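Report on one structure; see the data block that follows.
From a predicted model like this one, the values you see are computed outputs, not experimental measurements. So you know, we letter chains A, B, ... as the sequences are listed, proteins then strands, and number each from 1.
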Amino acid sequence: MNINRRDFIKGLVGAGCAGLLTGIDLSKASAQYFTRSGNPAAPTSDDEHVFFVKEAMFYEDMGQKEVRCKLCPKECEVGDRERGWCGVRENRDGVYYTLVYGNPCSAYPDPIEKKPFFHFMPGTWAFSIATAGCNLNCKFCQNWEISQSRPEETKNFQLPPADIVATAKDNNCKSIAYTYTEPTVFYEYMLDTSKQARKAGLKSAVISAGYINPEPLEMLCENVDAVKIDLKSLRNKFYNDVCEGELQPVLDTLKILRDSGVWYEIVYLVVPTLNDSEQELKDTAKWVYENLGPDVPLHFSRFYPMYQLRNLPPTDPKKLTDTRKMAMDIGLNYVYIGNVAGDEGESTYCPICGELVIKRVRYFIRQNDLVDGRCKYCGEEISGIWN
Amino acid sequence: MKFDENRRDFLKKSIGAGLSLYGITQFSLPILGTAEAKSTKPSVVIARDEKVIDKRFQIDPAVVRKMLDDSVIKLTGTKKAVDAWRELFRSDDIVGIKVNTLSGRRMSSSLEIVYAIVEGLKSAGVKEKNIIIWDKSDRDLESAGFQLNRKANNDPRCYGTIPPIGYEKDIKMLGSIASRLSRIVSHCTAFVNVPVLKHHTMAGVTLSLKNWFGAINNPNKYHFDTSVEKKMVAGCNYIPDVNSLLFSSSGLDKKQPLIVCDALMAQYDMGPGYNPRRTWIYGGLMVARDPVALDRIGLEIIENKRREAGFDSLMGTDIQPDYISIAADNFHDLGIDKRDDIKLINAGNLEPELL
């Protein structure tokens with residue numbers, strides 16, 4: 001099928017297609033191979049599903065054709081012909097490859113508020129991409145059909161970084177968002193795209209669980225503009241039992257972001273009975289305040305039954321309202337409620353004069369009373385990236 | 001008969017040509033219960049023959065066929081092979097032959113064994129089009145020498161879950177497992193499990209229980225337990241849970257497969273990938289209905305070989321395969337793992353030395 005990829009995406013967006021593009025196979029082109037040595041990786045029939053096979057960054061040779069991945073804290077030791085825990089990185093004869101470079105399974109313009117970013121270029125659109133795979137396995141994942149799949153299970157686009165950037169510009173997007181699944185697992189693709197985006201005048205926003213090693217994170221921070229971290233809980237047991245990860249690396253990520261200068265926001269999904277105790281929510285707000293400061297936006301989001309947690313009820317909205325108040329009483333300036341359309345907790349208020357400065361309904365801006373990033377009523381500077 | 005063709009050509013000529021050499025189309029009665037089922041001890045039948053594989057790794061398919069038929073006769077307590085196959089399978093079964101093809105031509109399920117199984121199934125009246133030789137992916141099958149066949153013709157079908165069969169849309173959950181199952185699993189009414197006798201760097205050994213990781217969409221999630229200090233799959237519930245998901249009454253309740261473990265050439269270290277320095281010719285088949293019992297005996301064979309080769313035991317290491325005894329616990333109830341409770345039967349012309 002010889003469709004120009006940019007035209008395809010543009011046409012689809014222009015036609016008003018709703019929802020994620022998760023099932024369109026644009027081409028059956030042969031995979032292209034990129035290795036550090038310049039020697040091609042052995043192609044396989046599975047590669048019909050991927051368009052690029054690129055040698056991974058951040059791994060070490062353990063000898064005997066085994067490798068240790070250094071991208072995320074799991075640090076998988078991977079034997080020949082096996083994959084890492086994420087399912088998208090494969091050892092072939094002792095060389096570790098990413099199978100998702102340039103192969104997104106989802107690509108679509110979204111309001112930046114959907115990520116959610118409330119203090120980053122409000123009212124703009126972000127061209128949003130994801131590939132198959134994740135390095136966690138959260139039992140409440142809303143995108144599990146792609147995050148818990150391997151690239152051969154999803155239908156993928158052939159969109160190298162340059163095409164992503166061009167398509168984003170064609171669709172009047174101001175940024176590129178790496179989202180839906182876990183962008184850490186498509187790190188090389190995200191990094192190269194963000195570099196090209198910056199040259200083209202676009203910003204990059206990463207939506208992540210923050211389960212990444214410091215070295216790749218620091219390199220990423222030099223090339224992206226905003227990061228949203230899903231802090232799943234402040235209890236390691238929750239990370240163990242519900243997400244199959246660990247808490248401490250995520251806290252470390254938040255501290256690195258604090259010191260990096262990159263804009264960042266935090267989302268905490270309040271899951272009934274699992275991470276919604278008053279004490280844990282209070283501990284979370286206090287940890288953010290004491291370690292990151294009062295101006296980091298903290299979103300408490302409503303849980304809906306999904307994936308492996310279909311037996312739990314949705315979060316009571318009153319719980320979110322009470323939690324928001326508690327966090328603001330601790331001293332946080334920007335505390336939001338997510339997934340409750342029309343709630344006053346979706347909007348931004350000046351921490352000094354208390355006036356409503358950005359009114360949101362769901363993902364859309366209804367009123368913006370910021371002037372050059374300041375409250376138009378009292379002149380207070382509101383933290384964020386506004387242009 | 002010496003067999004010196006390459007594997008791809010072999011399958012192309014034999015399975016692709018209709019597999020009618022030994023075929024006797026007959027229909028079976030419903031299963032009345034096997035001899036093993038009447039016994040309190042599960043049986044593991046070992047057939048070894050010095051002529052089945054030579055030093056150039058050429059396999060004699062006629063010897064394989066005889067070893068297999070002799071084994072199923074011993075397993076079922078019948079007198080003729082055709083009766084044994086009829087006792088194990090119904091003529092209207094859709095039989096999935098789950099091979100193990102991750103490790104290329106040398107350390108994957110042998111075509112000759114699969115060929116013999118197909119002939120056995122045919123003798124029980126199973127139609128060729130209702131026999132599916134399958135594994136995780138087309139890629140792995142082809143790399144092991146299998147010829148893909150998606151058509152409902154007079155040949156057995158042969159294809160991977162991916163592409164394009166795929167996995168069920170919804171996840172299935174049991175114990176520690178939440179996975180989507182291969183649609184081939186859902187389609188089949190009976191199975192033959194054809195693992196290879198080999199070591200595994202994360203599971204200790206990979207035999208009949210571990211082979212079912214090839215039936216789920218996310219085996220990458222279950223090779224080590226991230227929540228318990230990176231405990232290897234060898235010590236986790238993952239492998240037993242996958243088996244319970246498929247075969248227990250609390251799971252899909254599929255009929256427990258016939259297991260035909262390929263032990264012609266085995267590997268005692270650095271598996272599951274093929275490593276020629278760690279393989280040896282065992283020249284055997286292991287046949288059973290009880291996956292726990294077979295894995296217990298298979299582990300013993302690998303342990304004995306490791307000892308002979310001067311390697312440390314797997315016991316006491318972080319890949320001690322505790323999952324075999326976990327599979328025998330009250331929750332999983334997948335078989336018997338106590339060595340003294342397993343009946344070892346010789347069906348070959350060599351002593352079934354566990355070495």
- prompt: Taking only residues two or more places apart in sequence or in another chain, which ones pass ring pair (Phe, Tyr, Trp, His ring centres under 6.0 Å) with A:Phe140?
  reply: none
- prompt: Can you name the ring pair (Phe, Tyr, Trp, His ring centres under 6.0 Å) partners of B:His200, sequence neighbours left out?
  reply: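 B:His223.
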task: Would you mind telling me which of B:Thr201, B:Asn275, B:Ile171, B:Asn217 has the largest number of heavy-atom pairs within less than 4.5 Å of chain A?
output: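 Top count of heavy-atom pairs under 4.5 Å with chain A: B:Asn217.
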Tell me, for [X] versus chain B, whether the close heavy atoms (under 4.5 Å) come from the side chain, the backbone, both or neither.
{"X": "A:Glu82", "answer": "side chain"}
{"X": "A:Arg89", "answer": "neither"}
{"X": "A:Cys86", "answer": "backbone"}
{"X": "A:Glu75", "answer": "both"}

Pair B:Ser137, A:Glu152: side-chain N/O donor-acceptor within cut-off below 3.5 Å: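 No - no donor-acceptor pair under 3.5 Å links their side chains.
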- prompt: CD of B:Glu142 to SG of B:Cys158: how many Å apart, nearest 0.5 Å?
  reply: 8.5 Å
query: So does B:Asp170 pair up with B:Arg180, basic N to acidic O under 4.0 Å?
result: no
